[in-house]
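Lettering of chains follows the sequences in order, A, B, ..., and the numbering in each one begins at 1. Since this is a predicted model, take the numbers as computed values, not measurements.
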2 protein chains.
Amino acid sequence: MASIQDVAQLAQVSTATASRALSRPDMVASTTRDRVLTAARELGYQPNVIARSLRQGETRTIGVIVTDILNPFHAQLAKGIQDAADRHGYTAFLFNSDEDPTKERRALDTLRGHLPQGLIIVPTSGARENLQALSGVPTVELDRVTGNPDVTTVTADNATGALAATRHLISLGHTRIGMIVGQQDISTATLRHDAYRSALEGAGLPYDPALVLPGNHREDDGHRAALRLLTLPEDRRPTALFIGNNEMTVGAVLAARALNLSIPGDLSIIGFDDSRWAQTMNPPLTVVAQPTYDLGTQAAEQLIRQLRHPRDGPPLHIQLSTTLIVRHSTSAPHPTAPVYTH
Amino acid sequence: MASIQDVAQLAQVSTATASRALSRPDMVASTTRDRVLTAARELGYQPNVIARSLRQGETRTIGVIVTDILNPFHAQLAKGIQDAADRHGYTAFLFNSDEDPTKERRALDTLRGHLPQGLIIVPTSGARENLQALSGVPTVELDRVTGNPDVTTVTADNATGALAATRHLISLGHTRIGMIVGQQDISTATLRHDAYRSALEGAGLPYDPALVLPGNHREDDGHRAALRLLTLPEDRRPTALFIGNNEMTVGAVLAARALNLSIPGDLSIIGFDDSRWAQTMNPPLTVVAQPTYDLGTQAAEQLIRQLRHPRDGPPLHIQLSTTLIVRHSTSAPHPTAPVYTH
DNA sequence: GTGAAAGCGCTAACAT
DNA sequence: ATGTTAGCGCTTTCAC
C-alpha cells in the first residue's frame with residue numbers, strides 16, 4: 001500500500017509537507033497542495049491510521065459493548081451508535097458480552113489494547129467491577145446503569161413506561177397482574193419492577209410476590225416463568241402479564257399458546273420494547289416502546305461531545321421517553337374468570 | 001496506561017526481554033520470566049496493539065461488511081464470524097453497507113486504513129468494483145458472490161433450497177405459483193429464481209413472467225409486490241407465493257392479511273431463510289432454512305486458514321446445505337380456486 | 001511555506 | 001539468556 005513517503009516522493013516534497021497538505025491544507029501553498037493531492041489520488045493513498053494513532057495518541061475509535069447483538073433491540077442500539085459515530089469521523093468497535101460478565105471482561109481487555117478514546121456499554125451485572133479496567137476512558141452507560149455517579153448515562157424512561165403499562169392493565173379491570181422481571185442487579189429490571197409495584201399499590205391492589213417471577217432476559221426464561229404463572233390454580237392465576245423485555249415476551253406468548261389460552265380473551269399480555277415481531281404477531285402486541293435507535297445515537301453524540309470538551313461540567317444523565325402502544329393483546333379480563341376477592 | 005517500558009523497569013530488565021517474556025516465554029530464563037510477568041500483572045499491563053501492529057505489519061484484525069445488521073440473518077452471520085474470529089485471536093471490525101454500494105465503498109476505505117489482514121463481505125451489487133480498493137487482502141465472499149473466481153466463497157445451497165421450495169408447492173397441487181425475487185445482480189436472487197423456474201418447467205408447468213416480481217430485499221418491496229400479485233384477476237392470481245428473502249416475506253404476509261386472504265386456505269406462502277418471526281407467526285411459516293450462524297463461522301474459519309497458509313491451493317467454494325421446513329403456511333390450493341387451464 | 005529530525009510503543013535483528 | 005538498536009508510518013516541533 002502506498003505510504004505518505006510515496007506520495008511525498010511523487011509530489012517532490014518532504015513527508016512533512018505531504019502530511020500537512022493532506023491534514024491541514026491551509027498550512028501549505030496552494031500549488032504544492034495540489035501537487036500533493038494529485039499524487040495521493042494517483043497512488044490511491046489511504047492514510048495508515050495505525051501509524052497515525054500511535055503518533056497522535058488518538059485512535060478516533062470508540063468501543064461499543066452490547067449484551068446481545070442477536071436481540072433486535074441491541075442491534076438497533078449498535079446501528080444508532082455506528083451511524084452517529086461515523087458522522088463524526090469515529091469508528092466504532094463492536095463487541096458482545098452475551099450477558100456474561102466474564103466475556104464482558106475479555107471484551108474490555110481486548111478493547112483496551114486498541115486504545116479506544118471512549119466507550120459505550122450496555123453493562124452486565126459485573127460491569128461495575130469490570131469497568132475499572134478502562135477507568136480513565138470516557139464512558140457512556142447505555143440502556144442500563146451501574147450506579148457509578150461519575151459516568152454519563154443514556155436511558156429510556158423505564159419507570160414511566162412500566163407505570164403506564166401496569167395502569168393500562170388495571171384500567172381494563174385486571175386485579176391479578178403477573179410480572180416476569182429481569183435480573184435483579186440490572187437497573188432496568190428493578191426500575192420496571194418497582195414501577196409495577198407502585199402502580200398496583202397506587203390503585204389499592206395488593207402486590208403478590210407469587211405473581212412476580214424472575215427471568216434472565218432470554219426467551220426460555222420467559223417461557224418457563226409464564227408456564228409457572230399460567231398453571232397456577234384458576235383462582236390465583238393472573239389474568240394479565242407484564243413482561244420485562246422483548247425476548248421473554250416471545251417465550252411467554254408461546255407458553256400461553258401452548259396452554260391454549262387465547263390472547264387477550266384468557267390472558268392479556270403487555271411487553272416492554274417494541275419489535276417487528278410484536279407488530280406482526282397475532283394478535284398484535286401491546287407494548288411499551290422505546291426510542292431504540294435514538295438511544296444509540298444519543299449515546300454516541302454524548303460521548304463524542306465529551307471527547308471534544310473533556311471535563312466540561314458534571315456527567316449528564318439523558319433520559320428518553322417511552323410510549324405505551326395499545327394494540328390487541330390487552331383487553332378486559334374474561335368475564336368467567338373469577339373476580340379477585342379479599 | 002502502563003507500557004512495556006514500565007514493566008521492564010519494574011522487573012529490572014530491558015524492554016526486549018520484557019517483550020520476549022510476554023510473547024515467547026520459552027526464550028527467557030524462568031526466573032526473569034516470573035519477574036516480568038509479576039511486574040506486568042502488578043501494573044495491569046495490556047500490550048498496545050497499535051504499536052505492535054505497526055511494528056509487525058500484522059493487525060490480527062479482520063474486516064467484516066454485511067449489508068444490514070438489523071436483519072437477523074446478517075446479525076447472525078456477524079455473530080458467527082465474531083465468535084470464530086475471537087477463538088483464533090482475531091478481532092473483527094464490523095461495518096454495514098445498508099445494501100448501498102457507495103456506503104460499501106466508504107466502509108472499505110475506512111477499513112483499509114486499519115490494515116485488516118482479511119475481509120469477509122456480503123457484497124452489494126457494486127462490490128465487484130469496490131473490492132479493487134482492497135485487492136491484495138485475502139477475502140471471503142459470504143452468502144452472495146460477485147463472480148470473481150480468485151476469491152473464497154461461503155454460501156448456502158440456494159439452488160437446491162429454492163428447488164425444494166417450489167417442488168413442495170407443486171406437489172401440493174399448485175399450478176400458479178408466484179415468486180418475489182431479489183435484485184437481479186445479487187447472486188442469491190438469480191440462483192433462487194433460476195431454480196424456481198426449472199422446478200416449474202421440470203414439472204411441465206409454464207413459467208409466467210407476470211407472476212414473478214422483483215423486490216429490493218426490504219419488507220416494503222415484499223409488501224408492494226405481493227399486493228400486485230394478489231390483486232390480479234381471480235383466474236390469474238397465484239395460489240402460492242415463493243418469496244426470495246426473509247424481510248420481503250414479512251411484507252408479503254402482511255399484504256395477504258390486508259387483503260383478508262387466509263394462509264394457507266387462500267394462499268400458500270413459503271419464505272427463504274428461517275427466523276424467530278417465521279416460527280411464531282400465525283400460522284407458522286414454511287421456509288427454506290439456512291445454517292446462518294455456521295455460514296458466519298465457516299467464513300471466518302476459511303479466512304483464517306487462508307491467512308495462516310497463504311496461496312495454499314486454489315480458492316475454496318464452501319457450500320452449506322439448506323433445509324425445507326414444512327410448517328403450516330402451505331397446503332393444497334383452495335378447492336374453489338379456479339384450476340389452471342391451457 | 002517548507003524540510004530535517006524526533007518519537008509514539010513495540011518487536012526482531014544483531015550483538016554479546 | 002539478555003541487552004542494544006533500528007524502524008514500522010505518521011505528525012509535529014523546531015529550524016530556516
Side-chain angles (χ1 to χ4, degrees), chain A residues 1-37 39-40 43-61 89 91 109-117 136, chain B residues 1-37 39-40 43-61 89 91 109-117 136:
Chain A
M1 256 197 27
S3 78
I4 202 167
Q5 313 238 27
D6 303 324
V7 176
Q9 193 174 357
L10 183 57
Q12 316 218 53
V13 293
S14 69
T15 60
T17 303
S19 172
R20 280 188 284 250
L22 291 163
S23 332
R24 292 170 164 46
D26 37 323
M27 282 184 66
V28 103
S30 68
T31 70
T32 25
R33 178 170 62 232
D34 291 348
R35 273 212 321 285
V36 172
L37 294 181
L43 295 170
Y45 170 73
Q46 186 76 15
N48 179 330
V49 299
I50 305 272
R52 174 186 288 168
S53 297
L54 184 60
R55 169 64 230 244
Q56 299 191 315
E58 305 190 343
T59 55
R60 291 236 136 209
T61 281
T91 303
D109 283 343
T110 305
L111 215 40
R112 193 148 71 104
H114 286 273
L115 305 184
Q117 296 191 247
Chain B
M1 255 197 25
S3 78
I4 202 168
Q5 313 238 27
D6 303 324
V7 175
Q9 193 173 358
L10 183 57
Q12 316 216 53
V13 293
S14 71
T15 61
T17 304
S19 173
R20 279 188 285 251
L22 292 162
S23 332
R24 292 169 165 51
D26 38 322
M27 282 184 65
V28 102
S30 68
T31 70
T32 27
R33 179 170 62 232
D34 291 348
R35 274 212 323 283
V36 172
L37 294 181
L43 295 170
Y45 171 72
Q46 186 77 14
N48 180 331
V49 300
I50 305 274
R52 176 186 287 169
S53 298
L54 184 60
R55 171 64 232 244
Q56 299 192 318
E58 329 185 323
T59 53
R60 292 236 135 209
T61 280
T91 303
D109 283 342
T110 305
L111 216 40
R112 191 148 72 105
H114 287 272
L115 306 184
Q117 295 191 247

Can you check nucleotides 8-12 of chain D for protein contacts, nitrogen or oxygen pairs under 3.5 Å, and list what you find?
| from | atom 1 | to | atom 2 | distance (Å) |
| --- | --- | --- | --- | --- |
| dC8(D) | O2 | R55(B) | N | 3.2 |
| dG9(D) | N2 | A51(A) | O | 3.1 |
| dC10(D) | OP1 | Y45(A) | OH | 2.8 |
| dC10(D) | OP1 | N48(A) | N | 3.3 |
| dC10(D) | OP2 | I4(A) | N | 2.4 |
| dT11(D) | OP1 | R52(A) | NE | 2.8 |
| dT11(D) | OP1 | R52(A) | NH2 | 3.2 |
| dT11(D) | OP2 | S19(A) | OG | 2.9 |
| dT11(D) | O2 | R55(A) | NH1 | 2.0 |
| dT12(D) | OP1 | Q56(A) | NE2 | 3.2 |
| dT12(D) | OP2 | R24(A) | NH1 | 3.4 |
| dT12(D) | O4' | R55(A) | NH2 | 3.2 |

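- First and last contacts of DNA chain C with chain B, using any nucleotide atom under 4.0 Å from a protein heavy atom and ordered 5' to 3', fall at dG9(C) to dA13(C).
- Residues passing the side chain to side chain contact (heavy atoms under 4.5 Å, CB included) test with L43(B), sequence neighbours excluded: A2(B), D6(B), V7(B), L10(B).
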Can I get a per-line list of side-chain donor-acceptor pairs under 3.5 Å for residues 15-24 of chain B, giving both atom names and the distance, sequence neighbours left out?
| from | atom 1 | to | atom 2 | distance (Å) |
| --- | --- | --- | --- | --- |
| T17(B) | OG1 | S14(B) | OG | 3.2 |
| S23(B) | OG | S19(B) | O | 3.0 |

Listed pairs under 3.5 Å, donor-acceptor, residues 28-35 of chain A side chains, sequence neighbours left out:
| from | atom 1 | to | atom 2 | distance (Å) |
| --- | --- | --- | --- | --- |
| T32(A) | OG1 | A29(A) | O | 2.8 |
| R33(A) | NH1 | P25(A) | O | 2.8 |
| R35(A) | NE | A11(A) | O | 2.9 |
| R35(A) | NH2 | A11(A) | O | 3.2 |

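- Formation of a donor-acceptor pair under 3.5 Å by the Q46(A) side chain with backbone atoms of D109(B) is found in this model.
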With a cut-off of 3.5 Å and sequence neighbours excluded, list every side-chain donor-acceptor pair involving residues 48-57 of chain B.
| from | atom 1 | to | atom 2 | distance (Å) |
| --- | --- | --- | --- | --- |
| N48(B) | OD1 | I50(B) | N | 2.8 |
| N48(B) | OD1 | A51(B) | N | 3.0 |
| S53(B) | OG | V49(B) | O | 2.6 |

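- Once rounded to the nearest 0.5 Å, the distance linking OG1 of T61(B) with NE2 of H114(B) reads 9.0 Å.
- Residue S53(A) is out of contact with every strand shown, counting any heavy-atom pair closer than 4.0 Å.
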